[in-house]
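Working notes, beginning with the structure itself.
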Amino acid sequence: MTQAGLSQDQLKDAVAAAAIDEITPWLSRSTVLGIGTGSTANLFIDRLAALRDDFKGAVASSEASAERLRGHGIEVFELNSVGTVPFYIDGADEVNAHLHMIKGGGAALTREKIVAACAEKFICIADASKKVERLGEFPLPVEVIPMARSYVARELVKLGADPVYREGVVTDNGNQIIDCFEFMIDDPVAMEARINAIVGVVTNGLFAARGADVLLLGAESGVERLTPA
Ligand code: 5RP
């Protein structure tokens, strides 16, 4: 509970509602939305159900989100058949004032990054606990080709991280996740590129080269709408 008595889930639902308000004026029967993954994205999907007749459908960043969308009668399209999407709406594990993010707590980072890359506007929806001065308190996820896991982990140690294999997790792409602990990040754009350059890395959970365009942040005082500093 926050001081105002709101639970984290209530703050997440408030930003899901704010994202609905943000996109509703722009929806048409030809609109295909990009939809993220996680508990905040799920609340957004649940609210989107009421608008299902006002837009064409969605591209999902995970099998879980695709299933939830279909469960609400929202058609799910392959990204390759859509091209670009006007909006990508997703949560974050951490976000800074530049709207750089750490994502991938739910292991969906690669598909999230792909759909985000195809979006005209990335709307990040998050409760206030996700806003940080410096990224890295949340362990940075890195998706790796399974045979490269140990090699990539050794390279991550050289960068200063304490890498931990996320046991038992297989991504929607059939890969594995390494989480980088004790890894505060001063230059997210440079570090995103540096980790992605390690052979065997599919992608990492830094969303800095393509950050969010709008952050809807659920705070005790209400939903704040922030753009990159
Ligand atoms: C999944 C993600 C999520 O956006 C992130 O983990 C936030 O999740 P939640 O909305 O449940 O707090 O990146 O891979």
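Counting from 1, the numbers follow the sequence of the chain as shown. Just the heavy atoms: all of them, side chains too, but no hydrogens, waters or symmetry mates, feed the values below. Order of appearance sets the numbers: ligands from 1, and atoms from 1 within every ligand.
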Can you list every pair where an N/O of ligand 1 is under 3.5 Å from an N/O on the protein?
residue: ligand 1; atom: 4 (O); partner: Thr37; partner atom: O; Å: 3.1
residue: ligand 1; atom: 4 (O); partner: Asp90; partner atom: OD1; Å: 3.4
residue: ligand 1; atom: 4 (O); partner: Gly91; partner atom: O; Å: 3.3
residue: ligand 1; atom: 4 (O); partner: Lys103; partner atom: NZ; Å: 2.9
residue: ligand 1; atom: 6 (O); partner: Asp93; partner atom: OD1; Å: 2.7
residue: ligand 1; atom: 6 (O); partner: Asp93; partner atom: OD2; Å: 3.1
residue: ligand 1; atom: 10 (O); partner: Ser39; partner atom: OG; Å: 3.4
residue: ligand 1; atom: 10 (O); partner: Thr40; partner atom: N; Å: 3.0
residue: ligand 1; atom: 10 (O); partner: Thr40; partner atom: OG1; Å: 2.5
residue: ligand 1; atom: 11 (O); partner: Ser39; partner atom: N; Å: 2.8
residue: ligand 1; atom: 11 (O); partner: Ser39; partner atom: OG; Å: 2.5
residue: ligand 1; atom: 12 (O); partner: Lys12; partner atom: NZ; Å: 3.2
residue: ligand 1; atom: 12 (O); partner: Lys130; partner atom: NZ; Å: 2.7
residue: ligand 1; atom: 13 (O); partner: Lys103; partner atom: NZ; Å: 3.0
residue: ligand 1; atom: 13 (O); partner: Gly104; partner atom: N; Å: 2.8
residue: ligand 1; atom: 13 (O); partner: Glu112; partner atom: OE1; Å: 3.1
residue: ligand 1; atom: 13 (O); partner: Glu112; partner atom: OE2; Å: 3.4
residue: ligand 1; atom: 14 (O); partner: Gly106; partner atom: N; Å: 3.2
residue: ligand 1; atom: 14 (O); partner: Ala108; partner atom: N; Å: 3.2
residue: ligand 1; atom: 14 (O); partner: Glu112; partner atom: OE1; Å: 3.4
residue: ligand 1; atom: 14 (O); partner: Glu112; partner atom: OE2; Å: 3.0

**Request:** Only counting residues at least two apart or in another chain, list the ones meeting salt bridge (Lys or Arg N to Asp or Glu O under 4.0 Å) with Asp46.
**Result:** Arg68
**Request:** Check the pair Glu94, Lys130 against side chain to side chain contact (heavy atoms under 4.5 Å, CB included), reporting the backbone distance first and the verdict last.
**Result:** CA-CA 5 Å; Glu94 283 185 352; Lys130 308 292 184 67; 5.7 Å; no
**Request:** Could you pull out all residues at least two apart from Asp9 that satisfy side-chain hydrogen bond (donor to acceptor under 3.5 Å, both in side chains)?
**Result:** none
**Message:** Side chains of Glu143 and Thr110 only: does a donor on one sit below 3.5 Å from an acceptor on the other?
**Reply:**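 Their side chains do contain a donor-acceptor pair, which is all the 3.5 Å distance test asks for.
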**Item:** Polar side chain donor-acceptor pair, Gln8 to Ser129, under 3.5 angstrom
**Value:**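 Note: Gln8 and Ser129 side chains meet the donor-acceptor criterion.
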**Message:** Show every side-chain hydrogen bond (donor to acceptor under 3.5 Å, both in side chains) that has at least one partner inside residues 180-189, sequence neighbours left out.
**Reply:**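 Passing the test, one end in residues 180-189: Arg134-Asp186.
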